[in-house]
Asks: 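I'd like to ask some things about the structure below.
Note on naming: letters A, B, ... go to the chains in the order of the sequence lines (proteins, then strands), and numbering restarts at 1 for each one.
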Amino acid sequence: MGAPVDEFEFFLEKPWSDGLPVVIPTRERVERMLAGTRRDPEEVIGEVPPLLGEATVRSVAVHAVMAGCRPEYLPVVLGGLEAMLVEELNLNGVQATMHGAAPLMIVNGPYAKRIGLHGGGGCFGPGFRANATIGRAIRLILMNLGGGIPRVSSMTVFGLPARYTYCIAENVEESPWEPLSVSRGFSPQEDVITVVMCEGPRLFFDDVSDEPGRLLAGIAESMSSPGSWNMHARTDLAVALGPQHAALCARGGLSRGDVHRRLCELAGRRVGELKRTGNWRRERALAFPIPVDPDDDDCFVPAVKDPADLHLIVAGGWGPISALMHGWSGGSRAVARTYEV
Amino acid sequence: MAEDLGFIDPTAGARREAVPLAPRPEALSGKTVGLLDNTKEQADVILRAVGDALRERHGVRELVIRRKEHYSKPAPQALIEEMASLCDAVVCALGG
């Protein structure tokens, strides 16, 4: 008889993990996980690019077990994967890209609250099981069924900490406004996942502004960073206002729509400024979906080329900080859709 | 197999069938060669130079030049099938 096999080491020796130990997906654990959904275990969710491995409810449950999910998280993992397979998101491109973008899941609606998906203080982690494990299950699926293995099919230059997990709720309790899903026409009672391909959160600290104008000017400046793809192609962008910054805007009389509009107007740089930075390229400017004259140094290039590309939420805890997440250039459009609980 | 060890193989469902390489032409003289522009900047410049070299140095008879819709998205099936039917070989170009 050979030496006993340590199952945790066995999984880490295979290319089946994100580098951290996984919960071993025994038949019993997978059956318990499947109790988290009414859906048929053999139902096909779709093919995960670029390897086009077939995801079924059962194979998603296997990965939810591995990631450490509770059974009640399974509907969110299934819904998140379904959203990611919508063609407009271009998951195929992100799986292979040199960039490091990760699919940020913003989950709105009553079910997220019921299972403890966190949108308040520390929401990007660590420390919150639903946030940590739902996003991790997605990543394991992207690797094991989609074949998105770094240095094999993923050409990512740096990777990204957000590629371990990137899943939050909105801090609806402390938001002065309606949630993102409602701003998109869903009802507050609908369970909705919005997926945006973006970089990790960049923190924007401002404990000085006492009115929205200066605060939003600062955030807009941060949104306009050269080398982020927002300045060089049509690209999504997510902004999570901390509840304190959101309250400052609301006290100043601004609605959610007002802040959204103001950030779209303010964020950007002039052609002359961009020409002095590395990633400016005439052909890129000519490919914008809006007219930009590359020969006019005063011409304004907005960071958000179409207002639909800005995803504004309220998240995080009380304190003078917001977070913004630049997007990915590869023709990806965010996807928002309801999911089955 | 993995079942015997008490767990489920998480990669079950992943595609495993091997796709053979298309047969390679031994020479390009008199052949039709496709050039596929992936839309990254200057891919067209690189492909023009490749096309010139293929004609002048290798006697390629005809070039079929096509462009993808977006560099990070797969070429549409119809485009792949068109190039497969017209061309003896296809060169893909990355710009950047």
Side-chain angles (χ1 to χ4, degrees), chain A residues 5 7 10-11 14-17 22-31 44-45 47-56 58-63 65-67 87-88 90-99 140-141 143-147 197 281-284 286-287 328-332, chain B residues 1-22 34-52 63 65-84 89-96:
Chain A
V5 174
E7 66 268 38
F10 183 79
F11 265 69
K14 298 275 182 184
W16 289 350
S17 155
V22 296
V23 177
I24 305 304
T26 61
R27 180 173 291 279
E28 294 72 27
R29 285 183 180 132
V30 173
E31 289 305 315
V44 175
I45 303 299
E47 293 179 328
V48 187
L51 191 60
L52 301 180
E54 187 178 81
T56 61
R58 184 184 301 282
S59 66
V60 171
V62 168
H63 289 89
V65 167
M66 290 168 66
E87 198 175 334
E88 285 69 29
N90 195 9
L91 179 63
N92 181 66
V94 175
Q95 286 272 74
T97 184
M98 288 189 293
H99 200 269
L140 293 174
I141 290 167
M143 297 177 78
N144 287 338
L145 298 179
M197 282 301 177
R281 201 167 205 168
R282 186 184 173 81
E283 306 97 301
R284 288 181 181 148
L286 291 172
W328 179 67
S329 61
S332 172
Chain B
M1 31 166 215
E3 290 278 348
D4 300 337
L5 298 173
F7 60 82
I8 299 169
D9 178 348
T11 60
R15 289 197 175 178
R16 291 174 199 282
E17 71 264 35
V19 179
L21 289 172
L35 302 175
L36 180 59
D37 175 346
N38 81 339
T39 78
K40 278 205 173 180
E41 297 88 355
Q42 300 175 12
D44 54 341
V45 177
I46 295 167
L47 281 176
R48 270 201 303 275
V50 170
D52 290 346
L63 298 171
I65 298 172
R66 295 288 183 272
R67 198 163 193 257
K68 286 198 343 175
E69 288 171 14
H70 195 284
Y71 56 81
S72 74
K73 296 180 182 176
Q77 193 60 29
L79 176 64
I80 295 172
E81 284 168 10
E82 184 204 4
M83 295 193 89
V90 175
V91 178
C92 302
L94 288 165

Asks: Under 3.5 Å, is there a donor-acceptor pair between the side chain of Ser72(B) and the main chain of Gly330(A)?
Replies: yes
Asks: Tell me, side chain or backbone of Met66(A) under 4.5 Å from chain B's heavy atoms, or both, or neither?
Replies: side chain
Asks: Taking all heavy atoms of Phe11(A) and all of Ile8(B), pick out the closest pair and write down the distance.
Replies: CZ-O, 4.4 Å
Asks: Using a 6.0 Å cut-off, check whether atom CD of Glu69(B) has over 12 heavy atoms from anything other than its own residue.
Replies: no
Asks: Using non-hydrogen atoms only, which part of Ser329(A) is less than 4.5 Å away from chain B: side chain, backbone, both, or neither?
Replies: both
Asks: Answer yes or no: is there a side-chain heavy-atom contact under 4.5 Å between Phe7(B) and Val62(A)?
Replies: no
Asks: Do Lys73(B) and Glu87(A) have side chains that approach each other closer than 4.5 Å (heavy atoms only, starting at C-beta)?
Replies: no
